[in-house]
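Predicted, not measured: the structure shown is a model, and the values here were computed from it. In this chain, numbering begins with 1 at the start of the sequence shown.
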Amino acid sequence: MRPTAVGRLAVATAVLLAVLPAAPAVAAPPDSPASPVDLGALFVGAHPDDEAFSLSTLGQWNEDHGVRTGVVTVTRGEGGGNAVGPEEGPALGLLREAEERSAVGKAGVREVFNLDDVDFFYTVSAPLTDQVWGGDTLEKVVRIVRTTRPEILLTMDPAPTPGNHGNHQLAARLAVEAFYAAADPKAFPEQISREGLRPFAPARLLTGGGRGTSRNGPDCASTFRPDNPAQNVYGVWSGRASAAQGATWAAVERDAQRTYASQGWAGFPDVPADPAQLGCDFFTQVDARVPFPEPGTDAAAASTAILDGALTRAKGAVPLGTLFAMRTGTFDVRPGTAFTVEVTATAPPRTPLGRSSVALRVPDGWRVSGSGDLGRLGPGRAGEATFTVTPPEGGAGQRAGERARLAATLTTERGGGYTDRQVELSPAVRGEQQPLPQVAQFRTWVAEVGVPQLRGLVTPVLTLPSGGSRQVGVVVTNLSEDTRSGTVRLDLPDGFTADRAEAAFDDLAAGRSATVPFTVTNSDPSLKTSNEGGDYAYTITTGTTTSTGTGTGTSTGTSEDGSSTSRPALELVPAATVPQAGSAPAVDGAEGDGEYSGSALDVSRRWEGDACSSAADCSGTAQVAWHDDTLYLLVHVKDDVLGTRLPASDCKRHWRTDSVEVTLDPRGTSENTSTTFKAAVLPVTTEGPPCFLRDADHHQGPGEETAPGMRVASAVSEGEYTVEMSIPMGVLPAAVDPKHLGLNVLVYDSDTQDKTGQTRIGWSTWGGVQGDPYRWSVATLPGYEPPADRPTTPADPVIPDTALSSLDSPQSLEQAVRVHVPPAGGPAARPSQSGEAVSAKRGEDAVKVRLRAGAAGKAHLFVRDGQGTAGSRVVTVPRKGTSTVTVTLDRALGAGPKVVAGWEATGRGTAVSQVPVR
């Protein structure tokens, strides 16, 4: 079962022949460096630690099957927290890169490819992430895939599921796009024509995790039951023991996770010692170009299930290098309407498959016609079978909107194979609740990339204020070939009403959509809000008739498809009226008589972290008022243990200790927090007085600089503290809409002195709510009117744009020297533009480095030994030729000193080199 170089080459060559049968080879330049590392698998994530919950699997693959895995990390996590020191920005990026390299090394992973994109702040918005990262990140991922040639591509969840980091979403989408783009010679063609790369098609693509249920123990993979029965989810049990490390792989993974001390992970508890209590790492297959284990079989539950067909060969399977894929004429299939299915098999380049055939399996009641005979498949030869599939009239056996699996089995003289595809049984007309902007953007991306199997990963939800109303649009789409009319009906749960139970749509043309509006009201304000209430699911039923034009007129009749249903949800957020104060409250950390006349807000609900052991452990109330053009808040918190007292100079990353965060969305319409105001107050510092900051919003940074005129005060006593603040509404990104101000109050509770938080409570509470403006409460300010000249549209946000360059990371440069892959996913400098270190000579307190340059550029030099960096220097080289640069040492050199050099060409590209210090 161990993959071999021949096996990997066979798959890679067969895939290349399939995607580029007539392309001429592009030779590498004669003076190009040694061959780059050849990977078996590649994980694509956004930050250091994103791979940390897959290391059990990667370690098993490496130890048991010799699979060499690399990790692409788009950012170095410079925007995250730091529980071990004051480093931030590029310095924190260097620290987190070191943590990642140490962590993944425990699983046998040596290659970490940092792409140098900016990690700016926590957001749940993929569109904002895309805006900040810029347009070249996909190019860099594709370049790494083409260079390192991984057969298995792993990544994260690409969908805007609640709380899913927007950086994670976009990293996953980049991986999905790279799976296809790396194989397409038309994608980034200069990588082929100028850089000497070849198109490369990974064999299998999977995302981490699986939606469904399982039980722990050795049978965790075989007992997994996916929520979508047509989905292929594979599990790798973490309870297997590592022969080399003498512990379960779950324990090895936990030890690796603790390496991320800057993220507060050093204190992670031990995993259960009993392997029967350990579960699986799950991965969901998105696509495959090779045969893979059939779901429900023993092979699908084996630890090699994800490797099979790409890097390992299961018993009775076709030889490695065989391609086997299926395409359907459409994803949305209609009852009684035929569609085509094409199945293609390609023999390995040097191995015949002999007489071959394909059989197609479909759900009960579906009809199939067509021959599966592929003939004799000689080495490198492909055969194709085309089938016609017809679902039954009326969708017998399945309901509209359900997924179905179409499965193909390959029979050859050299073994068998399996592949499948999902399709969705579609009604004539589909009615769906209007999506949130991020969900709509995700659906657009799914359609553009051509991965409809990823559609529907997010339950459609909309929020409305407790006791309030909102318009809910039902988007009706005609999927049939005829003009349709019909009705939409809402069946709402108790406590909700609509202005009408049913509404009509008329003459909707084929392929078109229309929105049918309803006004929905929460008629029972006693219903629980936030995550305590959760999703209030309801039913949308769409019934249709057919209007078909004929030569003599138009005939109308009942649709044969019947009705279709969907199950979206409504979510209640708290609502509040902010009263006008008769006079400005004194910002002194205490509630004066008559200062706050409104009802106190309960900010004791947990939204993330450990449960509060009691009200004394963590609970609170908040009061809000406005006066003139200023908002006033007083937050009283019960807290029996204060967290780390940070110095005022380290008043940042407030989630590391006790703090109160107030979030304001001035118009109540923000898609992400870059158009909001978020201020956090630390009630106490090492110097004593409180400090405040802005974070993850329109302009983050020190409070005095980013929120001029804002004032804070606190009072701290045994078991409690009070924070009071005044916020001039003029510092908000836009004028406040007094009828719809997004407002939230969040309390971060730390009971340790290691700069880690344990519990998060607040008013409007959901996982990841600090990044979800649509889930904040709705506040009204009766009587308030913003100044007439205050803009209602926010200016462009101020977002960090500085990331550590791989040229300033000796760790990245050393890797680039070792694996012959240019740093940061960029191109190699052409020889005429390149530069290198050719020798290094030790002096008393310095090292003299001799450089040779083909043109002007910039050299990044690091003197290294077993203890790390002993000296560094960045120097501009003005012209072609040889020069000597002196690098001053910070300490005495240890054993085995060397100079590692990164070269930044004036034109385009980089180069790396390394020489010993003599």
Side-chain angles (χ1 to χ4, degrees), residues 1 3-4 6-22 151-152 183 201-205 232 285 287-300 302 304-329 338-363 366-389 405-423:
M1 300 293 285
T4 65
V6 173
R8 290 196 294 267
L9 179 62
V11 173
T13 304
V15 169
L16 180 58
L17 289 172
V19 300
L20 190 61
E151 279 73 24
I152 307 293
R204 297 179 68 179
L205 168 66
N232 297 329
Q285 184 163 282
D287 207 347
R289 296 179 168 105
V290 297
F292 51 86
E294 179 178 355
T297 65
D298 290 343
T304 57
I306 296 172
L307 306 179
D308 283 349
L311 293 169
T312 54
R313 181 183 182 185
K315 183 178 179 180
V318 288
L320 285 177
T322 301
L323 303 182
F324 190 41
M326 175 192 297
R327 297 185 301 274
T328 60
F339 63 96
T340 59
V341 175
E342 296 178 352
V343 184
T344 305
T346 305
R350 296 179 179 86
T351 306
L353 294 180
R355 194 75 191 178
S356 305
S357 63
V358 171
L360 188 66
R361 296 204 305 262
V362 298
W366 295 40
R367 301 194 308 274
V368 177
S369 62
S371 171
D373 184 21
L374 302 177
R376 299 192 66 83
L377 299 182
R381 298 295 299 273
E384 182 177 291
T386 301
F387 299 92
T388 299
V389 178
R405 174 185 280 126
L406 308 180
T409 55
L410 174 65
T411 302
T412 79
E413 295 177 14
R414 300 296 301 275
Y418 172 91
T419 191
D420 62 31
R421 285 282 175 179
Q422 297 181 48
V423 293

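Ion pairing between Asp420 and Arg361 fails under the 4.0 Å rule for side-chain N and carboxylate O. Salt bridge status for Arg289 with Glu151: absent, with no side-chain N to carboxylate O gap under 4.0 Å. Under the 4.0 Å criterion applied to side-chain N and carboxylate O atoms, Glu342 and Arg327 are assigned as salt-bridge partners.
Within the 3.5 Å criterion, the main-chain N or O of Ile306 finds a donor-acceptor partner in the side chain of Arg204. No donor-acceptor pair closer than 3.5 Å links the side chain of Thr304 to the backbone N or O of Leu307. Remark: the backbone N or O of Pro348 is not paired with any side-chain donor or acceptor of Thr351 at under 3.5 angstrom.
Looking at Phe292 and Asp308, their side chains never come closer than 4.5 Å, going by heavy atoms from C-beta outward. With contacts defined as side-chain heavy-atom distances shorter than 4.5 Å, the pair Leu406/Phe339 qualifies. Using a 4.5 Å heavy-atom threshold, the side chains of Val341 and Thr386 count as separate. Between Pro379 and Pro352, the closest side-chain pair of non-hydrogen atoms falls below 4.5 Å.
When every heavy atom of Phe324 is checked against every heavy atom of Pro291, the shortest pair comes out as CB-CD, 3.7 Å. In this structure, Leu353 and Thr412 approach most closely via the heavy-atom pair O-CB, 3.5 Å. In terms of heavy-atom proximity, Val358 sits nearest to Ala408 at CG1-CB, 4.0 Å. Closest non-hydrogen pair, Phe387 versus Gly372, comes out as CZ-CA, 3.7 Å. Considering all non-hydrogen atoms of both residues, Ser356 and Gly354 come closest at OG-O, 2.9 Å. Summarising the geometry of Val318 relative to Arg313, their closest heavy-atom pair is O-NE, 3.3 Å, with the distance given to 0.1 Å.
Here the OG-CG distance, from Ser371 to Leu360, works out to 12.0 Å after rounding to the nearest 0.5 Å. Taking CD of Glu294 as the reference point, atom CG of Asn232 lies at 9.5 Å (rounded to 0.5 Å). The CG atom of Asp298 lies 11.5 Å from the NZ atom of Lys315; values are rounded to the nearest 0.5 Å. Between the OG1 atom in Thr346 and the CD atom in Glu384 there is a gap of 9.5 Å [rounded to 0.5 Å].
Residue Leu410 forms a side-chain contact (heavy atoms from CB on, under 4.5 Å) with just one option from Leu377, Leu374, Val343, and that option is Leu374.
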Task: Worked verdict on Thr328 versus Thr340 for side chain to side chain contact (heavy atoms under 4.5 Å, CB included) - done: CA-CA 6 Å; Thr328 60; Thr340 59; over 6 Å; no
Task: Residue pair Arg376, Glu413: steps toward the side chain to side chain contact (heavy atoms under 4.5 Å, CB included) verdict - done: CA-CA 9 Å; Arg376 299 192 66 83; Glu413 295 177 14; 3.2 Å; yes
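Within 6.0 Å of atom CG in Asp373, more than 12 heavy atoms from other residues, nucleotides or ligands are found, so the atom counts as buried in its surroundings.
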